[in-house]
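To keep things clear, I will list the structure first and then write my remarks on it.
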Amino acid sequence: MKTHSRSRAVRTPGGLSVRLDPRALTVVVLLLVAACAAGIALIGTGDAKIPVADVLRTLAGNGSAYQDFIVNELRLPRVLVGLLVGAALGLGGALFQSISRNPLGSPDVLGLSQGSTAGALTVIVLLSGSASQVTVGALAGGLATGLAVYLLAWKQGVHGYRMVLVGIGVNAVMTAVNGYLLTKADLVDAARAVVWMTGSLNGRDWDQVWPLLALCAVLVPLVLVNARGLRMMEMGDDISHALGVRVQWVRLLLMVSAVLLTAAATAAAGPVSFVALTAPQLARRLTRSPGPNLVPSLCMGAALLVAADWASQRAFGADQLPVGVVTGVLGGAYLLWLLVTERRAGRI
């Protein structure tokens, strides 16, 4: 495996050795700054415009009662959900692409987003459930779909290309199930379901922030602790096993984490397309670093989704689009460009 020449090892006082890449660290810092800047701009955007200085003052607790209500109650939860959903999708996409060793190994392709959608549609159409019940349905659908992909792809272990092929088949099946559920819905439930299926941050409040934040607080450190094993697995299962990595256990743990991150993001904002596919690849192009690039992908996903949400509100005049429409257009264009580039390079 090629070693990145700019990487350097840093030893902590406790004896832990951490390898840092200055370029990757710079990219992470810049992406975090971009995500925060886009979030602050988004908080000040709307019918009631608030200058950036007043937004910062209000976030620090020094705003007026009116500004406090607009910023902290109406707009801040939406921005935080956008940041968390983007981060979860970016990290989940990086995990799937690394485990499958395939740039198309993302939740959009493997059927997890459609599985979460099927769970939510079942609650909306058949049970006329509340928003919290739709969230539970999306989580259950994503977990069930992830389990089905894993079991169907298992043959003395789970291998990347077999998982992608199984995921494509499961994705087609779940798309058909979702179409069937829509045909069984009445007009009101069908309209509600279609709005949810586009992927949107409209109306998000603190009830969506806290569960997603708690899940990320548990899963992100768990994933990063196992990042070394994930990087070794890119050299092949036999070599990884010889180096002491419990390959199938690490793969299962990281797949479950990726499924939970994707399902939770879908439950909070609907199936926002292409973020999980494009964020890891864009992060890798910026860092030029080997390995899964988990932290850069996380930061890239957060920055992409908040920027897309800003564009959905401001770039189309009076027409405000769901954020999933914007990410779908941009992500689809990126995918076409990527395919053309790979073809010209002779890799496909």
Side-chain angles (χ1 to χ4, degrees), residues 31-32 34-36 38-40 42-43 74-96 106-108 112-117 119-120 131-132 134-139 141-143 146 195-220 223 257-280 282-283 294-313 321-331:
L31 287 174
L32 287 175
C36 292
I40 291 172
L42 189 57
I43 290 175
L74 296 184
R75 296 179 182 173
L76 181 59
R78 174 183 179 135
V79 170
L80 291 178
V81 170
L83 290 170
L84 291 169
V85 167
L89 291 176
L91 182 57
L95 288 171
F96 277 118
S106 79
D108 301 311
L112 298 178
S113 297
Q114 290 295 330
S116 297
T117 302
S132 59
V134 171
T135 299
V136 173
L139 283 170
L143 288 173
V195 170
W196 188 89
M197 289 173 63
T198 59
S200 175
L201 296 175
N202 290 337
R204 298 305 183 264
D205 56 27
W206 292 104
D207 291 337
Q208 283 83 38
V209 173
W210 297 122
L212 191 55
L213 180 61
L215 190 69
C216 289
V218 173
L219 292 180
V220 171
V223 168
S257 300
V259 169
L260 285 172
L261 287 167
T262 303
T266 305
V272 180
S273 59
F274 284 111
V275 173
L277 177 67
T278 58
L282 291 175
L294 297 180
V295 175
S297 298
L298 182 152
C299 297
M300 176 63 77
L304 277 179
L305 191 55
V306 175
D309 192 34
W310 181 89
S312 70
Q313 295 188 52
L321 300 178
V323 68
V325 175
V326 177
T327 60
V329 171
L330 297 178

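In this chain, numbering begins with 1 at the start of the sequence shown.
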- [ ] Work out which heavy atom in A279 is nearest to a heavy atom in S297; give both atom names and the distance.
- [x] CB-O, 4.0 Å

Task: SG on C36 to CG on L31, rounded to 0.5 Å - done: 11.0 Å

Open item on the list: So, taking the atom named CD1 in I43 and the one named CG in L74, what distance separates them when rounded to the nearest 0.5 Å?
Closed with: 11.0 Å

Task: Heavy-atom pair of closest approach, residues A303 and A35 - done: CA-CB, 3.9 Å

Open item on the list: I want to check something: taking the side chain as every heavy atom from C-beta on, are T327 and L304 in contact at a cut-off of under 4.5 Å?
Closed with: no

- [ ] Over all heavy atoms of both residues, which pair between S200 and N202 is shortest? Give the atoms and the distance, please.
- [x] OG-N, 3.1 Å

TODO: Find the distance between OG (S257) and CG (L91) and round it off to the nearest 0.5 Å.
DONE: 8.5 Å

Open item on the list: Are the side chains of L212 and V85 in contact, using a 4.5 Å heavy-atom criterion?
Closed with: yes

Open item on the list: Minimum heavy-atom separation for A276 and P107, please, with both atom names.
Closed with: CB-CD, 3.5 Å

TODO: For residues S273 and G324, report the shortest heavy-atom separation together with the two atoms involved.
DONE: OG-O, 3.8 Å

Open item on the list: Could you go through F274 and V329, starting from their C-alpha distance and side-chain angles, then the distance that decides it, and tell me whether this counts as side-chain contact (heavy atoms from CB on, under 4.5 Å)?
Closed with: CA-CA 9 Å; F274 284 111; V329 171; over 6 Å; no

TODO: Taking all non-hydrogen atoms of both residues into account, name the closest pair between A94 and L294 and its distance.
DONE: CB-CD2, 3.9 Å

Task: salt bridge (charged side-chain N to carboxylate O under 4.0 Å, His left out) partner of D309, chosen from R75, R78, R204 - done: R78

Task: Gap between atom OG1 of T262 and atom CZ of F96 - 0.5 Å precision - done: 5.0 Å

Task: Approximate separation, where rounding is to 0.5 Å, of L260 CG and L139 CG - done: 7.5 Å

Task: Neighbour count above 12 (heavy atom, 6.0 Å) for W210 CH2 - done: no

Task: From CG (L84) to CG (L89), nearest 0.5 Å - done: 11.0 Å

Open item on the list: Evaluate L83 against L305 for side-chain contact (heavy atoms from CB on, under 4.5 Å), listing each step before the verdict.
Closed with: CA-CA 7 Å; L83 290 170; L305 191 55; over 6 Å; no

Task: Heavy-atom side-chain contact between L112 and S116 under 4.5 Å - done: no

